[in-house]
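This report concerns only the one structure given below.
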Amino acid sequence: MTKVVVVSTGGTIASRVDRERGFVTSRASGTELVGLLPQPTAVAVEVDDFVMVGSFLFDLDLVFRLTQRIAAHLDDPAVAGVVVTQGTDTMEESVFMADLLIDSDKPVVFTGAQRHADELDSDGPRNLGDAIKVAAAPEARGLGAMIVFEQELHAARDVTKVHAARVGTFASAEHGKLGEVDGERVIVHRRPTLRRVIAAERIEPRVDLVKLVMGSDGRFIDHAVADGAQAIVLEAFGRGNATLAVVDAVRRATANGVLVLVTTRCPQGRVLPVYGNGGGKDLVATGAVFAGDLSGIKARILLAVLLAGGRSRSEVIDLVSAMAG
Ligand code: ASP
């Protein structure tokens, strides 16, 4: 019988109301979650309780260890795929790190819920059941790590959380979903072509993300450099524009050997150096690197993985370009 491992980590899908303390918190084990499935699964399910926390408490090191745990399960020839149950808040970051680090054709499927396990209409059981189907599906092999939520499959590189509370919270902006689950069927519409698997023995946590707002100055960039950042991701305006003060700060950062990656704060679209006088052309002239349509959040994960491997600056930039398309 096909086997799928469910690695549980907490999050809303595993949360219940603590009436004494007056809040909702992660407390349901993986075995409890599997016990809530609306119908028996057609595959054998093994459970691995990894941690029990909201995903807002995750950090890069924890997710790095999670990816190692997933990879160890996938090494077992009896395992067809792995499902990770996690909080939705940082799921797009975890799934992207897993996509970058795990060298396997077997499906790695992240899922969760927006309504906790004590809500009568919790979306957790359906999402988990669908995720198990995808993890076991031959059609889902070679898609990398993905999120399965609200019957949709989303690629790690493109998926983002778009609603704070509603159940249809994951979307892949202009690239669209990979496929869908329809009853027992898993239907794949497209395959991600910009995936890369990257070897890393550890993770570089000193990568900062700075979002620009109207009138931004250089304080956050200067502080990140002074505090030891190895790289900074800028969420710049539109096509990758900044202010004159930010351009000056980026020049100081790159002169200090800090890699600066430029992304857009727009939810969709690519950065391209077009404008002078504070625009993207000025940023490129300082040595900053443009990152296509990778979101700031994904670009930070990518650098955390790339910078840990002792790669040269040009190797890092080549890999960023390959992922940026
Ligand atoms: N709201 C979150 C969730 O959907 C909480 C978390 O990320 O753990 O699970």
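Both counts, for ligands and for their atoms, begin at 1 and track the order of listing. What's counted below: heavy atoms across the whole structure, side chains too, no hydrogens, waters or symmetry copies.
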The atoms of ligand 1 lying under 4.0 Å from a heavy atom of Gly11, numbered in the order shown, are 8 (O), 9 (O)
Interfacing atoms of ligand 1 (cut-off 4.0 Å, heavy-atom, Gly54): 8 (O)
Are any of the N/O atoms in Thr88 less than 3.5 Å from those in ligand 1? yes
Can you pull out the closest protein heavy atom to atom 1 (N) of ligand 1? Residue, atom name and distance to 0.1 Å, please. Asp89 OD1, 3.2 Å
Check ligand 1 against Thr12 and write out every atom of the ligand that is under 4.0 Å from a heavy-atom position of the residue. 1 (N), 2 (C), 3 (C), 4 (O), 5 (C), 9 (O)
Could you tell me, atom by atom, which parts of ligand 1 come under 4.0 Å of a heavy atom of Gln114? 4 (O)
Indicate yes or no for a side-chain donor-acceptor contact from Arg157 to the backbone of Asp99 under 3.5 Å, with no hydrogens or angles considered. no
Is the shortest side-chain N to carboxylate O distance from Asp248 to Arg252 below 4.0 Å? no
Is the backbone N or O of Ser8 less than 3.5 Å from a side-chain atom of Asp49, with the two atoms forming a donor-acceptor pair by type? no
Looking only at non-hydrogen atoms, which of Ala113, Ser55, Ala164 approaches atom 7 (O) of ligand 1 most closely? Ser55
Between Ser122 and Glu119 (side chain of the first, backbone of the second, donor and acceptor by atom type, cut-off under 3.5 Å), is there such a pair? no
Short side-chain to backbone donor-acceptor contact, Thr254 and Thr286, under 3.5 Å: yes
State plainly whether the residues Asp130 and Lys133 are in salt-bridge range, i.e. N to O under 4.0 Å. yes
